[in-house]
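A quick write-up on the structure given underneath.
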Protein chains: 2
Amino acid sequence: MSTLSPNLSAIPSLRVSCSHCNLREHCVPLGLSLRDIDRLEDLIASRKRIHRGEPLFRAGDRFEAIYAIRLGFLKSSVMSSDGREQVTNFHMSGELIGLDGIANEVHSCDVIALEDTEVCVIPYERILAACSEIEDYNLHFQKILSREIVRQHGLMLLLGSMHAEERLAAFLLNLSQRFESRGYSRTEFVLRMTRAEIGSYLGLKLETVSRVLSRFSHDRLIAVNQKHVHIIDAEGLRAIVSGQNPEEIIEE
Amino acid sequence: MSTLSPNLSAIPSLRVSCSHCNLREHCVPLGLSLRDIDRLEDLIASRKRIHRGEPLFRAGDRFEAIYAIRLGFLKSSVMSSDGREQVTNFHMSGELIGLDGIANEVHSCDVIALEDTEVCVIPYERILAACSEIEDYNLHFQKILSREIVRQHGLMLLLGSMHAEERLAAFLLNLSQRFESRGYSRTEFVLRMTRAEIGSYLGLKLETVSRVLSRFSHDRLIAVNQKHVHIIDAEGLRAIVSGQNPEEIIEE
DNA sequence: CGTTTGTTTGAGGTATGTCAAACTGCGTGG
DNA sequence: CCACGCAGTTTGACATACCTCAAACAAACG
């Protein structure tokens, strides 16, 4: 792996332009020079489509590549020995998947597409090669890994010490922020996952998720219609996250 | 940072021998050649002692180094904006601390010594230098980061879907296994942390921790005397973790 | 030895889980 | 195109695991 896939440009349909990809700021957060960004394109071996409901990979699969989401929506989950599932993350465009596989050369979680999805396949050897060939790519990739660690700290805080309402409020605000940073509306979006999957992610049962969403809806913080969510009072949600549960409005 | 601290060997008291360190298999899990292990010693700038109760670093501190624990015991914790603390990990000898800081060049959690502790200070620039200079060190360090991600997945499973008894049983078995792999007894050890800290880590209140430990003690799974724990029936604990709650023994 | 910090245990409350039933929207096939 | 079935959601009634508050106890610490 001394040169980076010199032959790929021969296959135009597979050739990807990172420098023109509007997801660039997500995959390549560091201030790389344009010249280096061009070289990043060589990391990508191919693209892959996954249909709704299908796995990108499963726990136990051999780890070979990191995936960058071009478009779509997926969930990661781990299973306990006795079959309980815990959703560990929801992924949207621009995010990287598969970092867990580096540890043992085997994936430790399932990743399932929640809608039809397309990913860039980045063979891990190429990432290692880039680390030694591209100035600063080392630091760049370590930051990506570290960022995931920090993200999970936040999730542990949520799971370990927040109430159902706080968890849901934090969840909605997080989604909102991520949609916004991708150019979508931060106030209206569609939940790609079921109530049960939200519940698993937040350490709650689906009935609790449903009830809390109904309560938010009743309190005019959001409007929910099935999967469609409209955030009406983001400030109110933020207040809930930080425990500022305001005096309850007297029920009529 | 092209050469690795050539002047440090002039300070014998600070000179550390990784190759003779009995924690080597923890800090250096990869099968590095002896020659490379020798070079690892150059990573360490100094050692640092932290007294019980004192911080190694705090959230917001500038990130400069990774720390390898030579001996002692510490906790990591994150705080929510409204002051709730979540313990995210307990650390013992041979483990690396500070990986969270890579992401933003600032630490995102507090690390406090729970007993007098001594750590090796490994400036992060030296790690980056090693990544480009030592064959395979790149992969090695990325594995360390990925392993932390995988570990946290397990913790999320615990926090999101396990009962108090299962959490405690998993916690005790995890400690037991880590003590054993360091050459200590896997059946008798001292808890360095308070019930409140265990509770924070496991998403429980200290009273619940205390009650569950008492129940385990009553059921002859363990013997507890304050901080001292004796694991009597590891198999029984394992059964609890995997949800195999056996028919309750009739209370006398 | 008194004070502080941590632990245990009890009584009672509550948030969330469990079980169940009705409802909705969607896709499939008649 | 309608009807059917299915997967997902909502809502209610009830159960319970865990939390809260409180008091007594134990250990550690100056």
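Per chain, numbering begins at 1; letters A, B, ... match sequence-line order.
- Counting to the nearest Å, the P atom of C:dC26 and the CD atom of A:Glu115 are 15 Å from each other.
- Side-chain contact, A:Ser76 with A:Asn89: no donor N or O sits under 3.5 Å from an acceptor N or O.
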> Tell me, for nucleotides 12-30 of chain D in 5' to 3' order, what letter each nucleotide earns: B for a base near a protein heavy atom under 4.0 Å, S for only sugar-phosphate near one, - for neither?
Replying inline: BB----SSBB-----S---
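- With respect to the salt-bridge test (charged N to carboxylate O, under 4.0 angstrom), the residues B:Lys48 and B:Glu118 do not qualify.
- Rounded to 10°, the angle separating the first-five-pair axis and the last-five-pair axis of the helix from C:dC1-D:dG30 to C:dG30-D:dC1 equals 40°.
- Here B:Arg195 does not reach the OP1 or OP2 of C:dG6: none of its side-chain N or O atoms lies under 4.0 Å away.
- Scanning all heavy atoms of the two residues, the minimum distance from A:His228 to A:Val190 falls at ND1-CG2, 3.9 Å.
- The aromatic rings of A:Phe63 and A:His107 lie perpendicular to each other, with more than 60° between the two planes, well past the 30° mark.
- Rounded to an integer number of Å, the gap from B:Leu213 CG to C:dG6 C1' is 14 Å.
- Annotation: side-chain hydrogen bond (donor to acceptor under 3.5 Å, both in side chains) contacts involving residues 51-69 of chain A, sequence neighbours excluded, comprise A:Arg58-A:Asp110.
- With rounding to whole Å, A:Leu168 atom CG is found 10 Å from C:dT16 atom P.
- With A:Glu85 as the partner, the side chain to side chain donor-acceptor pair (under 3.5 Å) test is satisfied by one option alone out of A:Ser200, A:Ser80, A:Ser77: A:Ser77.
- Between A:Ile240 and A:Phe216 the shortest side-chain heavy-atom distance falls below 4.5 Å.
- In this structure, CG of A:Leu202 is placed 12 Å from P of C:dT16, rounded to the nearest angstrom.
- A salt bridge links A:Arg182 and A:Glu95; the closest N-O separation between the charged side-chain nitrogens and carboxylate oxygens is under 4.0 Å.
- Across all strands shown, B:Ser210 has heavy atoms under 4.0 Å from base atoms, whether or not it also approaches the sugar-phosphate.
- Side-chain contact of B:His153 with A:Gln152: a donor-acceptor pair under 3.5 Å is present, judged by distance alone.
- We find that CG of B:Leu191 is positioned 14 Å from P of C:dG6, with the value rounded to whole Å.
- One can place CD1 of A:Ile198 at 13 Å from P of D:dG8, the figure rounded to the nearest angstrom.
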